[in-house]
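This is a predicted model, so every value here is computed, not measured.
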Amino acid sequence: MTMVEGESRPAETGEPLVVLEGVNKWFGKLHVLQDINLTIKRGEVVVVIGPSGSGKSTLCRAINRLETIDEGSITLDGQPLPQEGKALAHLRAEVGMVFQSFNLFAHKSILENVTLGPIKVRKKSRAEAETRGKELLDRVGIGHQADKYPAQLSGGQQQRVAIARALAMDPKVMLFDEPTSALDPEMIKEVLDVMVDLAERGMTMVVVTHEMGFARTAADRVLFMADGQVVEENTPEQFFTNPQSDRAKDFLGKILKH
Amino acid sequence: METVLDNLDDVGLAFAYTVLLFVIAGVLSLVFGTLLAAARVGPIAVLSKAAALYVSVVRNTPLIIVLIFFRIAGPKIGLKFNFVDITIGDVRLNNLFTACVIGLTVYTSTFVCEALRSGVNAVPLGQAEAARAIGLPFSGVMREVILPQAFRASVPPLASVQIALLKNTTVAGALGVFEAFARMRTLTNKNAGDRIEIFLTFALLFVILVEIVSFAANRLERRWRVAS
């Protein structure tokens with residue numbers, strides 16, 4: 001099953017939430033996204049894997065327009081992504097993003113990191129935002145460190161706070177851009193556990209990762225990208241046991257041997 | 001030493017002018033410089049270019065020329081400041097004083113802008129991306145995330161800018177504001193024999209003033225360091 005478009009996948013999960021149609025992007029002469037068509041359904045967990053420079057991070061970042069696209073369209077819940085300004089800010093509030101380098105606000109405490117968006121964007125009261133923030137911090141296991149600053153936490157702890165910060169906005173979809181790539185091995189598990197829990201609770205997720213274990217356990221669908229194209233798309237079992245394209249076989253051969 | 005002690009009131013008054021020039025121009029330059037920096041790094045191309053032009057023209061002009069402009073050319077084109085006439089004890093803040101404050105502000109704000117801009121550049125791009133990702137608009141990204149961190153990173157260069165301003169207030173003396181430098185000149189003219197003592201006393205008083213500014217900057221830097 002190579003080059004399958006999202007629409008043709010069995011509709012085991014709700015209606016389309018994120019739809020990319022004919023998306024193209026160039027960095028100068030480099031064609032980083034080549035005619036991407038992808039439909040992510042509500043509640044679906046899509047894992048994007050592929051070699052470095054394959055465009056998977058760019059794809060992920062395009063969904064909340066941290067990267068602009070040159071051609072095609074991206075819609076979220078039926079709404080096309082606004083170009084910029086307030087409308088774009090509103091849309092971004094609906095899309096949670098977790099970065100490789102955590103990007104916690106360095107000058108704000110852990111709790112303030114989690115409450116900033118709800119207070120300033122959602123206009124919630126401080127008390128309400130803090131109650132919810134503490135709840136989320138407890139859920140990711142950082143509740144007792146709410147008054148510390150990001151630099152005082154380990155990488156794994158920071159990334160879990162970053163997940164809580166995104167969840168505090170009650171997003172429709174969560175984007176994870178290599179969330180564990182900057183972490184020590186023993187910290188990867190604590191972050192993945194939080195992500196698996198999130199997937200089990202039915203969150204719609206797009207996860208760019210090199211964690212094949214996570215892809216196997218949590219993904220509904222695996223997207224394999226290479227050279228700016230979605231080369232292969234399948235269920236995790238099918239993809240890992242029976243890859244169709246040479247590019248995917250080669251990639252899996254390299255990473256699964258070690 | 002006697003000359004200074006005999007004229008203690010005059011010396012005190014002179015330093016009152018110096019401190020007032022410094023404090024007023026200092027605060028105004030921080031406010032105006034912040035606006036300039038926001039325009040400079042903002043997404044609106046016209047504002048950004050205008051701020052860049054302003055900085056390169058004013059920053060590259062010697063301070064004395066900027067002050068002479070406001071003192072001599074200014075009144076000819078309607079910048080008179082005659083509406084300012086405040087008397088506090090022996091201190092009289094008139095149009096001349098105001099022209100010097102404006103000149104110092106106009107000049108110093110360009111350095112404030114550049115110090116802040118270096119601070120903004122020191123904030124990692126990921127901070128702005130994370131702020132945008134939670135749905136903050138440009139103004140919120142700047143106010144909540146970028147500027148607070150840029151200010152922290154800018155404290156040392158901003159302190160240098162403000163210290164330079166404190167010493168630059170002496171240029172106002174050449175234009176007729178009776179601040180410390182002007183007073184020192186009249187004292188040395190009248191008491192040629194005590195010149196060295198007078199020089200040293202005024203220099204020492206300036207050193208003390210600058211030390212107060214650096215002490216405040218160090219405290220600020222240390223208090224904020226814990227947070228990042």
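For chain B, no part of A:R122 is nearby; none of its heavy atoms comes within less than 4.5 Å. The part of A:L104 that comes within reach of chain B is its backbone (N, CA, C, O), which places non-hydrogen atoms under 4.5 angstrom from that chain.
With a 6.0 Å cutoff to the six-membered ring centre and a 45° limit on the axis angle, A:R165 counts as a cation-pi contact of A:F105.
Highest contact tally toward chain A, considering only B:A128, B:G140, B:A131, is held by B:A131 [criterion: heavy-atom pairs under 4.5 Å].
Ring planes of B:F32 and B:Y54: perpendicular class, angle over 60° (limits at 30 and 60°).
Looking only at atom types and distance, the side chain of A:S109 has no donor-acceptor partner in the side chain of A:D147 under 3.5 Å away.
Between A:V173 and the choices A:D77, A:N64, A:V46, A:V18, the side-chain contact (heavy atoms from CB on, under 4.5 Å) rule is met once, by A:V18.
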